[in-house]
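Structure, as structure tokens:
To find a chain, count down the sequence lines: A is the first, B the second, and so on, and within it residues start at 1. Keep in mind that the numbers below use all heavy atoms, side chains included, and drop hydrogens, waters and symmetry copies.
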Protein chains: 2
Amino acid sequence: MFSIGELSKRTGVKVPTIRYYEQMGLIAPLERTEGNQRRYGKPELEQLGFIKHGRELGFSIDAISSLIALHDHPDRTCAEATEIAQSQLADVRAKIAKLTALETELTRLAKACDGDGIAGDCNVLAALADHQLCAADH
Amino acid sequence: MFSIGELSKRTGVKVPTIRYYEQMGLIAPLERTEGNQRRYGKPELEQLGFIKHGRELGFSIDAISSLIALHDHPDRTCAEATEIAQSQLADVRAKIAKLTALETELTRLAKACDGDGIAGDCNVLAALADHQLCAADH
DNA sequence: TGTAATTGCTCTAGTGACTAGAGGTTCAAG
DNA sequence: CTTGAACCTCTAGTCACTAGAGCAATTACA
């Protein structure tokens, strides 16, 4: 049995974040002390690891909530888990595609100016003012 | 002189978003009618295009604010504009790197399960529960 | 055992970039 | 001159936290 501060140290999740997760229904402490302080055990430590990993992979609190429900009921089919992971993967791929297009554009934008000129001649500003100058669309 | 609805149609920026930008100090209408309705001209149309383009490239409202200030003072050096663009580019590249790592991980995660098994055997859940199974770190 | 420092508690509000809705007013067309 | 669409302001909600106030409990050390 350990405190929220100890749990925070062991998982690398900040104390207020742990309390926020509790509020969202993701982890509840096993017990409280007489003085109302949270006391956690090993299952909570693992659960928070699960949550942290999910967040690092970009899953929403809602998605993690569903995954926890599945995790707690190992007899159900894992179709839902796969669906969540697939949808997250699609999301990530879409973001990568969009960001890659932006990278191209920004590279062109940033390269056009050496920072020495005056703003009136600046290509960064010109490119932003006139969308026609863009190579790719976005 | 045209209304906010007309400005919205011409730029593709939603009406409440235009009002939000005004609140943030990015665009103010030239005048108002006697009945207090906003009336815009060509300069605002261009300014909103500038803002929209900036947002599409991922610049923050703050960054766009600075770029507008430079745009309005063409006699200043464009070092600041270049700096903003460079920093945005670095941001985008960092995000791409992170998302690419996530993509690898998620692909492995999603492929490991065909959705037919029961949750107790599900690799998606196993991988989330045990970080050790991850190939890359994140 | 006393006390001081640290850690904990709850509650509210702020972040960024919007979006949604209430409740009321003005404008343009017929 | 009336109707209906578009406009106005203001407040609150989104997501995943983060910050702070004001107070209580725990722990370390003398």
By salt bridge (Lys or Arg N to Asp or Glu O under 4.0 Å), which residues pair with B:Arg10, not counting sequence neighbours?
B:Glu6
Need to verify one output field. Residue with the more 5' nearest nucleotide on DNA chain C, B:Thr33 or B:Tyr20?
B:Tyr20
Those residues at least two apart in sequence (or on a different chain) that pass side chain to side chain donor-acceptor pair (under 3.5 Å) with A:Glu46 are none
Counting only side-chain nitrogens and oxygens, does B:Tyr21 get under 4.0 Å of the OP1 or OP2 atom of C:dC18?
yes
Contact span of DNA chain D against chain B, any nucleotide atom under 4.0 Å from a heavy atom, 5' to 3', runs D:dC7 to D:dT9
In this structure, how many angstroms lie between the P atom of C:dA17 and the NZ atom of B:Lys52, rounded?
17 Å
The criterion is salt bridge (Lys or Arg N to Asp or Glu O under 4.0 Å); which residues satisfy it with B:Glu103, sequence neighbours excluded?
A:Arg93
Mind checking whether B:Ile61 and B:Tyr21 have side chains closer than 4.5 Å, heavy atoms only?
yes
Counting only side-chain nitrogens and oxygens, does B:Thr17 get under 4.0 Å of the OP1 or OP2 atom of C:dA17?
no
Between CD of B:Glu56 and P of C:dC18 the distance, given in whole Å, is 11 Å
Backbone N/O of A:Val13 and side chain of A:Lys52: donor-acceptor pair under 3.5 Å
no
Could you state the atom-to-atom distance from CG of B:Leu26 to P of C:dC18 in whole Å?
9 Å
Single hit among A:Arg39, A:Glu22, A:Met1 for side chain to side chain contact (heavy atoms under 4.5 Å, CB included) with A:Pro29:
A:Glu22
Partner residues of A:Arg19 under the side-chain contact (heavy atoms from CB on, under 4.5 Å) criterion, sequence neighbours left out:
A:Ile4, A:Val15, A:Arg38
Rounding to a whole Å, what distance do you find between A:Leu7:CG and C:dC9:P?
11 Å
Check the interface with nucleotides 6-8 of chain C: list each N/O to N/O pair with the protein under 3.5 Å, or write none.
| residue | atom | partner | partner atom | Å |
| --- | --- | --- | --- | --- |
| C:dG8 | OP1 | A:Ser3 | OG | 3.0 |
| C:dG8 | OP1 | A:Gly5 | N | 2.5 |

5'-most contact on DNA chain D: B:Tyr40 or B:Gln23, nearest heavy atom basis?
B:Tyr40
Could you check whether any side-chain N or O of B:Glu44 sits under 3.5 Å from a backbone N or O of B:Ile27, counting only pairs where one atom can act as donor and the other as acceptor?
no
For B:Leu57, is there any backbone N or O sitting under 3.5 Å from a side-chain donor or acceptor partner on A:Glu105?
no
